[in-house]
Amino acid sequence: MALRKFYFKNAFRRLRRYRHITGVLMKYGLEEAAEAVQLRYGMSFKGKASEQEKKEVSHKSRPERFRMALEELGPTFIKFGQLLSTRPDLIPPEYISELENLQDRVAPEKTEDVFDELEQQLGGKVDDIFIDFDRTPIAAGSIAQVYRASIASGEQVVVKVRRPKIVETISIECEILEDVAGLLKVTMFGKDTIDPKKIVAEFTEAVSKEVNMETEKKNQLRFLRNFKGNPEIHIPEIYEDYCSEAVLTMEYIDGIKPSDLEAIKNAGLDPKLIAKRGANFVMQQIFDLGFFHADPHPGNFFLIEDNVLVPIDYGQTAALSSQDRELLKQLILAIIDNSADQLIRTLQRSELISENTDENIVRRDIESILDAHYALPLKDISISQVIMQTFDVIRKHRINTPPQFTLMLKSLMTIESFAKTLDPQFNIIDNLRPFAKKLTSPFTDPKQMVKNLRNAANDMGRMASHLPDDLNIIISKFRQGNFQLRVHHEHLENLTHTLDKSSNRISFALIIAALLVGSSMVISQKSDIFGIVTLQTLGIIGYLAAAAMGIWLLISIIRSKHY
């Protein structure tokens, strides 16, 4: 009984949410998507947008209306839009620029509800756990709220508390997103190369990790290990005794935001040095560590004395596999050599180009990008522009780049923008070169070279040890007559169809020839058959039949254009 009650309660909640979604879509002029949702579920949701509401948004572009609709639909949809903004390989630029404006404009939860969640997670009263706790949040996001507090040892800390019931809310809304993903493809993006189902699956996985503070804690601890002793970067300490799956407590940082140029100047900090350090921070993660902060925009940094950068918010990170880093190495080599062919071969080896892609057109588009920038001085090359042009090619030709690879390119774009805000003359290529050189030269890292040689030797040893057994199996199958060689020929059915067609035409031609020969033989005869029809008449009928069949055969050959 309780299970049935829960089911109906949940179903009613989803139905009410669908009604709200369709209402918002109509309000922002996305009626086709709203109607598709209604048809999908075989019900009509009353209430259309008023004329005044339609008038207010009629002058706005479709991407802008899409962004506004996501904002009104709430936290889960805002997070979804933020994920979309990181996928320029899938989403057109006009949507990206709009979705990048999405902010977690969410009203704070009631203090009592947050305290209940905090006390349940840490197993005690807030006033007993912390010696001081400011009840006014210093930030309120869609997933968590942030407070300033002091712990028993006297350190100032930041306490990040997950919103109560946010896990249940996101779970239900992710299911709704999965339901309508296919409809979005048909109704909103048309012939664009966007696959909403794939994007929703990625989003569900990402947001499931983000709502678990343990994930962010592990990411931050990994950064602490990676940058320990680095004088240019400070990673806030984690206080694990005050953490749980819904609570993250870390060192409080009293710093300056990189966007506050006046405060930077007044503090005596060096914007040019900070720009260089910010770029190096991202380059080291990508090229040396293979694990990087996926959202290095100015809002996720503080600046403290001695021009030290303090990255915060480790919810969005990504890792590059050994295959991803090898792909990156080969792409850099191809760009350095200005070789579109080499770049395409790299993409083919990584199975990123589908069999339906026209490689000649891809080559032409890549050559256009390489030629446009190859002869330019470094100071005139914008990596953001190059990457955006690359994303256009990826999207146009449906090149299946790994999501983490796309995030890496987006991070490079973001950090270039970050650095140029501080230093307009900043050139990211100068910073990129020494890191890329490590990838392009196999002899710069002796340890890695030894490791690669050892792995290759192990592989060859395994292959050699298995070779006698493999040969015995093959020879045994030959002796038993069980050896089978399977050959798959693509488009063989087309060849079969062509052969059938050709043989049919040859048969028709033989029949026509037989009719002509037979008719010629009987038309000269004057006898008849049972007094019913003369042989001359049969000959004439044969000629007519041969003529009709010959004309039909000629027309079919001409129409096929294979003559």
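The backbone N or O of C243 lies less than 3.5 Å from no partner atom in the side chain of K217, so there is not a single donor-acceptor pair. T249 places a side-chain N or O within donor-acceptor distance of the main-chain N or O of Y242, the cut-off being under 3.5 Å. Of the possible donor and acceptor atoms, one in the side chain of S97 sits under 3.5 Å from a partner among the backbone N and O of E94. The main-chain N or O of E168 is never found under 3.5 Å from a side-chain atom of S171 such that the two would form a donor-acceptor pair. In this structure a side-chain-to-backbone donor-acceptor pair under 3.5 Å is missing from N307 to L273. Side chain of R67 to backbone of N101: no donor-acceptor contact under 3.5 angstrom is found.
Side chains of L221 and E240 form a contact here, defined as non-hydrogen atoms less than 4.5 Å apart. Side-chain contact between E117 and R163: absent, with no pair of heavy atoms (C-beta onward) separated by less than 4.5 Å. Residues I253 and F301 form no side-chain contact, since every pair of their non-hydrogen atoms from C-beta on lies 4.5 Å or further apart. The shortest distance between side-chain heavy atoms of P311 and N300 does not fall below 4.5 Å. Using a 4.5 Å cut-off on side-chain heavy atoms (C-beta onward), I415 and I428 make contact.
Residues satisfying the side chain to side chain donor-acceptor pair (under 3.5 Å) criterion with D365, sequence neighbours excluded, are K396, H397. In terms of the side chain to side chain donor-acceptor pair (under 3.5 Å) criterion, S61 has no residue partners (sequence neighbours excluded). For Q404, the side chain to side chain donor-acceptor pair (under 3.5 Å) test picks out D324, with sequence neighbours left out. Under the side chain to side chain donor-acceptor pair (under 3.5 Å) criterion, Y252 pairs with R148, not counting sequence neighbours.
For the pair K257 and F302, the distance from NZ or CZ to the six-membered ring centre is under 6.0 Å and the angle to the ring normal is within 45 degrees.
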May I have the list of side-chain donor-acceptor pairs in residues 407-414 shorter than 3.5 Å, sequence neighbours left out?
{"from": "K410", "atom 1": "NZ", "to": "E100", "atom 2": "OE2", "distance (Å)": "2.9"}
{"from": "S411", "atom 1": "OG", "to": "L407", "atom 2": "O", "distance (Å)": "2.9"}
{"from": "T414", "atom 1": "OG1", "to": "K410", "atom 2": "O", "distance (Å)": "2.9"}

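Residue pairs meeting the ring-ring contact (aromatic ring centres under 6.0 Å, His included) criterion with at least one member in residues 131-150, sequence neighbours excluded, are F115-F133, F130-F133, F133-Y147.
Annotation: F418 is not in aromatic contact with H297 [ring centroid separation under 6.0 Å not met].
Counted by atom type alone, Y28 and E72 present one or more donor-acceptor pairs between their side chains at under 3.5 Å.
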